[in-house]
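Here's the structure we're looking at; comments come further down.
Counting from 1, the numbers follow the sequence of the chain as shown. Bear in mind the structure is a predicted one, so any value in this text is a computation, not a measurement.
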Amino acid sequence: MEWIEIIRMRGQSSPEKTPLPSDLHELLRKAHAPGLMHYKICSCRDKRDLLVLLHWDRPFGSKAGKSHLGEIASAEMARFGLVDHSAWRSITTTENDA
């Protein structure tokens with residue numbers, strides 16, 4: 001079953017006080033996480049807010065749905081701002097007719 005973990009960080013007032021996307025990339029790249037299909041790190045225009053998407057192909061995580069890797073990334077991001085961490089299961093899927 002596929003599911004997605006979303007970790008959103010609302011950063012401090014200063015962009016230099018936010019974690020660098022390259023640091024998050026290293027954390028996620030080096031992690032041994034069976035079932036992790038891919039991840040994406042996004043930032044808003046002013047680079048204060050960050051979003052991490054973890055796309056999984058394994059059974060849903062813990063009771064709250066969050067993975068160990070997601071908890072580690074969330075804790076790291078929480079050092080720099082307010083974090084919202086959630087997990088989402090697919091209910092329905094559509095295919096593009098391209």
Side-chain angles (χ1 to χ4, degrees):
M1 175 198 312
E2 291 184 23
W3 57 285
I4 298 171
E5 215 167 340
I6 301 170
I7 308 164
R8 182 175 173 259
M9 184 201 73
R10 184 84 175 156
Q12 303 283 334
S13 59
S14 171
E16 47 284 343
K17 292 186 180 183
T18 60
L20 296 173
S22 58
D23 294 339
L24 288 171
H25 170 69
E26 279 301 303
L27 173 79
L28 297 170
R29 187 183 66 80
K30 289 181 177 179
H32 177 68
L36 180 63
M37 295 170 55
H38 61 270
Y39 64 88
K40 185 180 267 190
I41 301 170
C42 308
S43 68
C44 66
R45 190 184 326 200
D46 67 7
K47 299 184 181 182
R48 282 182 258 177
D49 299 348
L50 291 176
L51 178 76
V52 173
L53 299 169
L54 305 174
H55 193 144
W56 298 95
D57 185 21
R58 67 171 194 171
F60 210 49
S62 67
K63 191 171 187 176
K66 300 170 186 173
S67 69
H68 181 67
L69 177 58
E71 294 285 1
I72 291 170
S74 179
E76 179 64 22
M77 293 167 72
R79 295 181 20 206
F80 300 96
L82 182 63
V83 171
D84 177 47
H85 182 184
S86 58
W88 299 81
R89 287 189 244 202
S90 294
I91 296 173
T92 185
T93 304
T94 61
E95 300 290 328
N96 287 339
D97 293 332

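- A 4.5 Å side-chain heavy-atom check between His55 and Lys40 finds every atom pair outside the cut-off.
- In this structure, Ala33 and Leu69 approach most closely via the heavy-atom pair CB-CD2, 3.8 Å.
- Side chain of Asp49 to main chain of Gly11: a donor-acceptor pair is present (N/O by atom type, distance under 3.5 Å, no hydrogens or angles).
- The line from CG of Leu51 to SG of Cys42 is 5.0 Å long, rounded to the nearest 0.5 Å.
- The structure places CZ of Arg10 at 8.0 Å from CZ of Arg48, a figure rounded to the nearest 0.5 Å.
- Here the CG atom belonging to Leu82 is positioned 9.5 Å from the CE atom belonging to Met9, to the nearest 0.5 angstrom.
- Under a hydrophobic clustering in which Ile, Leu, Val, Met, Phe, Trp and Tyr are joined whenever their side-chain heavy atoms come within less than 4.5 Å, directly or via other members, Leu36 and Leu53 fall into different clusters.
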### Message
Under the criterion side chain to side chain contact (heavy atoms under 4.5 Å, CB included), I'd like the reasoning laid out for Ser74 against Lys66: C-alpha separation, chi angles, the key distance, then a yes or no.
### Response
CA-CA 10 Å; Ser74 179; Lys66 300 170 186 173; over 6 Å; no

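- Other residues, nucleotides and ligands place no more than 12 heavy atoms under 6.0 Å from the NE2 atom of His68.
- The distance from the CG atom of Leu28 to the CD1 atom of Ile7 is 7.5 Å, given to the nearest 0.5 Å.
- With rounding to the nearest 0.5 angstrom, the CG atom of Asp23 is 7.5 Å from the CZ atom of Phe80.
- Counting heavy atoms from C-beta on, the side chains of Met77 and His85 never come closer than 4.5 Å.
- In this structure, the side chains of Tyr39 and Arg29 come closer than 4.5 Å at one or more pairs of heavy atoms.
- The two residues Trp56 and Ser67 make their nearest non-hydrogen contact at CZ2-OG, 3.2 Å.
- Considering CG of Leu54 and CE of Met37, their distance stands at 12.0 Å, rounded to 0.5 Å.
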